[in-house]
Amino acid sequence: MRTLLLFFLLLPVFALSQHTLSVTVYNVPSSQGKVSVAMYDSASSFLKFDEVAKSGSASAKEGMTVLTLEDVPEGEYAIALFHDKNGNDVLDTNWLGIPKEKVAFSKAKMRTFGPPKYEDCTFEVTSDGKISVYF
């Protein structure tokens, strides 16, 4: 009886597992500014600044920068990141909306006419993990 009670008391803890995701960004062009990451959990929210599931940033390190996202629930996600060279917390674009700062995505690259789709960038989080992204 105690075992059964303990199981039901701990079930919510296991069902709502939170994980740590380490994001290693390669080919960072310089140590100026920071690298900012946004994590999305649906196609409808993808690349919308007000619908980010998780976000973070780290000081840019030329060549490779590592960011850590904590308390990530299990699920499907896509990552978009940019090198915020001037540190203004904004992806700077030209008058056409084309980014002036380097951008990258999990599992996909910029297309000729715009960013990749959410489905092209998705990956699963089922435990603590690592993902690599290349500028």
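Because the structure is predicted, anything quoted here is derived from the model rather than measured.
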Distance col, row Gln18:CD vs Glu74:CD, nearest 0.5 angstrom, shows 9.0 Å
Do Leu21 and Phe123 come close enough that some side-chain heavy atom pair is under 4.5 Å? yes
When every non-hydrogen atom of Thr65 is compared with those of Ala58, the smallest separation belongs to CG2-CB, 4.1 Å
Notebook entry, point to check: Any idea how Phe46 and Tyr118 line up, ring-wise: parallel (<30°), tilted (30 to 60°), or perpendicular (>60°)?
Noted result: perpendicular
Residue pairs passing the salt bridge (charged side-chain N to carboxylate O under 4.0 Å, His left out) test with at least one member in residues 90-115, sequence neighbours excluded, are none
Output for pair (Ser31 OG, Lys85 NZ), nearest 0.5 Å, gives 11.0 Å
Taking every heavy atom of Ala80 against every heavy atom of Leu47, the minimum-distance pair comes out as CB-CD2, 3.6 Å
In this structure, CG of Asp84 is separated from OG of Ser36 (nearest 0.5 Å) by 5.0 Å
Exactly one candidate in Val133, Val23, Val25, Val66 meets side-chain contact (heavy atoms from CB on, under 4.5 Å) with Val35; the answer is Val25
- request: Begin from the C-alpha positions of Val72 and Tyr77 and carry the test side-chain contact (heavy atoms from CB on, under 4.5 Å) through to its verdict.
  value: CA-CA 10 Å; Val72 178; Tyr77 297 95; 3.8 Å; yes
| query | Do Met39 and Phe82 share a hydrophobic cluster, counting only Ile, Leu, Val, Met, Phe, Trp and Tyr and linking them when any side-chain heavy atoms are less than 4.5 Å apart? | reply | no
Here the gap from Leu67 atom CG to Ser59 atom OG, rounded to the nearest 0.5 Å, amounts to 9.5 Å
Met110 vs Val103 side-chain heavy atoms within contact, under 4.5 Å
yes
Value for NZ (Lys34) from CG (Asn86), rounded to nearest 0.5 Å, stands at 10.0 Å
Closest heavy-atom pair, Asn27 versus Tyr134, reported as atoms and distance to 0.1 Å, is ND2-CD2, 3.9 Å
Closest heavy-atom pair, His83 versus Phe135, reported as atoms and distance to 0.1 Å, is N-CZ, 3.6 Å
How far apart are the C-alpha atoms of Ser30 and Glu62, what are their side-chain angles, what is the distance that settles it, and do they pass the side-chain hydrogen bond (donor to acceptor under 3.5 Å, both in side chains) test? CA-CA 4 Å; Ser30 75; Glu62 186 173 356; over 6 Å; no
Closest heavy-atom pair, Ala60 versus Val28, reported as atoms and distance to 0.1 Å, is CB-CG1, 4.2 Å
Sorted by chain and residue number, the side chain to side chain contact (heavy atoms under 4.5 Å, CB included) partners of Ser42 (sequence neighbours excluded) come out as Ser44, Ser45
Practice task
Treating Ile, Leu, Val, Met, Phe, Trp and Tyr as nodes and any side-chain heavy-atom pair under 4.5 angstrom as an edge, say whether Leu69 and Leu81 lie in one connected cluster.
Solution key: yes
Heavy atoms of Tyr40 and Lys48 approach each other most closely as CE2-O, 3.4 Å
**Study point:** Close side-chain approach of Lys54 and Asp71, heavy atoms under 4.5 Å
**Key:** yes
